[in-house]
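Notes to accompany the following structure.
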Amino acid sequence: MLSTILKSLDNIRFGKTDFQMQMKARAFNRRVGTPAPSDTPLVIFAMPLVSRRRSEDWDRVQANLATTLASFMAQSDPNWTVYICGQDRPALPDDDRVHFIETNISDKFYDKGNKRRALISHIAGDLKRDDYYMQFDADDILHPKFVEHVLADNNGRGYLIDTGYFIALAEQRVVALDNFNAFCGSCAAVYVDFRTHKTYTKFLSQHRSHTQIAAYCTLYERPLSAVPFKAALYLTGHGENMYGRRGLLSDRTKTLVEVALSEDDAKATLKEFGVSWVDLV
C-alpha cells in the first residue's frame, strides 16, 4: 500500500499522471500547431555512449559503435547525421555527418537519461531545421533502406520500427520480432521542427522509455507510422548491453532462441543488412 502511494506521489511530482500528460500535450499542440514538414528534412540519430570506465571492454564498445555507424553510412539515402554523447571520445570515421559531444556528466550511476537530455538540448541548438529524431543504441544495426523510406514518405509525424530482428551473438541465432519496439530502444524516428523555436525539446523529453514513445506520440496527436519492413537488428550477447548489465538478458535469450530462424535464413537476413557473423562477433 505504501509503495503504491509513494509511486502515485512521484507521478504527480514529475508530471506523469494521465491528466498531467494530457494537459502537456494540449499546451504543446496549442503552441506549435501542425507545421508542414519541409521538403528537405534530415534523419538525426542521437546516441548516448557508455563511458570507458563503466564499460566492460572499451575496445568492444568502439567495435560495436563502428558497426552501427557503418550501417548509417550504408544508407541508400545519405541525408542523415549522428550525434554521439559520452565522457570519452571513441574512434570515429572521417565523416562530416558524425559528431561527438563530450560531456562531464558523472558516470557513478546510470547516466543514460542525462546524456539523452544533453543530446536533445545540443541538437535543438545546433540544427535550425526540421528533422526526424531517433535515439539509437551504439550496438544496433539499421536497415540500409530506412532513411530512404522515412524521407520519401515524410509524414511530418514520425515512424516506428515495430518489426525487426533479435540477434543472439553467443548462440549465433537470429529471431524475427513482431513487437520489436517492446525490446529495443532503437525503434522510433520522431518528427521535430526546430526552424522557429525549441518547444519540441519538451516533447522529446517525455520519451524516457522506448516502450512508451508510440503511445506518447499518439497522445500528442502525432501517431507514428509503422515501417513496412523489418528495419533494425537488436544485437545482444557481446557483453555491453544495458539489459545484460541488469542481469536480465539470459532469460530473454533462452526464450527467444527457441523460435530462431534457420541457419540459411539467418545468413540471408544478415546479408540484407550488409553484415555477416564475422562482422559481429
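Side-chain atoms are counted along with the backbone in the values below, which use heavy atoms only and exclude waters and symmetry mates.
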Look up atom [atom1] in [X] and atom [atom2] in [Y], then write down how far apart they are to the nearest 0.5 Å.
| X | Y | atom1 | atom2 | result |
| --- | --- | --- | --- | --- |
| R116 | L204 | CZ | CG | 9.0 Å |
| L233 | I167 | CG | CD1 | 4.5 Å |
| R89 | Q62 | CZ | CD | 11.0 Å |
| T218 | Q212 | OG1 | CD | 11.0 Å |
| F203 | R31 | CZ | CZ | 15.0 Å |
| L49 | K112 | CG | NZ | 10.5 Å |

- Using the test side-chain contact (heavy atoms from CB on, under 4.5 Å), find all partners of R129 that sit at least two apart in sequence or belong to another chain.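 With sequence neighbours excluded, R129 shows a side-chain contact (heavy atoms from CB on, under 4.5 Å) to T40, L42, L127, D131, given in chain and number order.
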
Would you say the side chain of [Y] lies within less than 4.5 Å of the side chain of [X], judging by non-hydrogen atoms?
| X | Y | value |
| --- | --- | --- |
| D139 | L65 | no |
| S76 | F146 | no |
| L177 | D162 | no |
| I44 | I123 | yes |
| M134 | I161 | yes |
| Y200 | F194 | yes |

Quick one: does any side-chain atom of [X] pair with a main-chain N or O of [Y] as donor and acceptor, under 3.5 Å?
| X | Y | value |
| --- | --- | --- |
| S121 | A118 | no |
| N64 | V61 | no |
| N154 | S38 | yes |
| N29 | A25 | yes |
| Q172 | A168 | no |
| R222 | C217 | no |

Result block: side-chain N/O donor-acceptor pairs under 3.5 angstrom for residues 179-188, not counting sequence neighbours:
from, atom 1, to, atom 2, distance (Å)
S186, OG, D137, N, 2.9
S186, OG, D140, OD2, 2.7

Return all side-chain donor-acceptor pairs below 3.5 angstrom for residues 79-87, not counting sequence neighbours, or 'none' if the list is empty.
from, atom 1, to, atom 2, distance (Å)
N79, ND2, D77, OD1, 2.8
W80, NE1, F72, O, 3.0
T81, OG1, R97, O, 2.8
T81, OG1, H99, NE2, 3.1
Y83, OH, D126, OD2, 2.6
Q87, OE1, K115, NZ, 2.9
Q87, NE2, I105, O, 2.9
Q87, NE2, D111, OD2, 2.9

- Any idea how H207 and Y216 line up, ring-wise: parallel (<30°), tilted (30 to 60°), or perpendicular (>60°)?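 Ring orientation, 0 to 90° scale: parallel.
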
- Item | Closest non-hydrogen atom pair between L160 and A214, with its separation |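 Scanning both residues, the minimum pair turns out to be CD2-CB, 4.1 Å.
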
- Message: Under the side-chain hydrogen bond (donor to acceptor under 3.5 Å, both in side chains) test against H143, which residue among E272, K230, E148 passes?
- Response: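 Only match with H143 under side-chain hydrogen bond (donor to acceptor under 3.5 Å, both in side chains): E272.
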
- Answer with yes or no whether the side chains of N155 and S225 bring together a donor and an acceptor at under 3.5 Å.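 Distance-only check passes for S225 and N155.
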
- Task: Using a strict cut-off of less than 4.0 Å between a Lys/Arg side-chain nitrogen and an Asp/Glu carboxylate oxygen, indicate whether E56 and R60 qualify as a salt bridge.
- Result: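 No salt bridge links E56 with R60.
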
- Message: Measuring centre to centre across the rings, with the benzene-like ring taken for any Trp, is Y165 within less than 6.0 Å of Y234?
- Response: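 No - the distance between ring centres of Y165 and Y234 does not fall below the 6.0 Å cut-off.
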
- Message: Between T67 and L280, is the side-chain contact (heavy atoms from CB on, under 4.5 Å) condition met? List the steps.
- Response: CA-CA 8 Å; T67 302; L280 303 180; 4.0 Å; yes

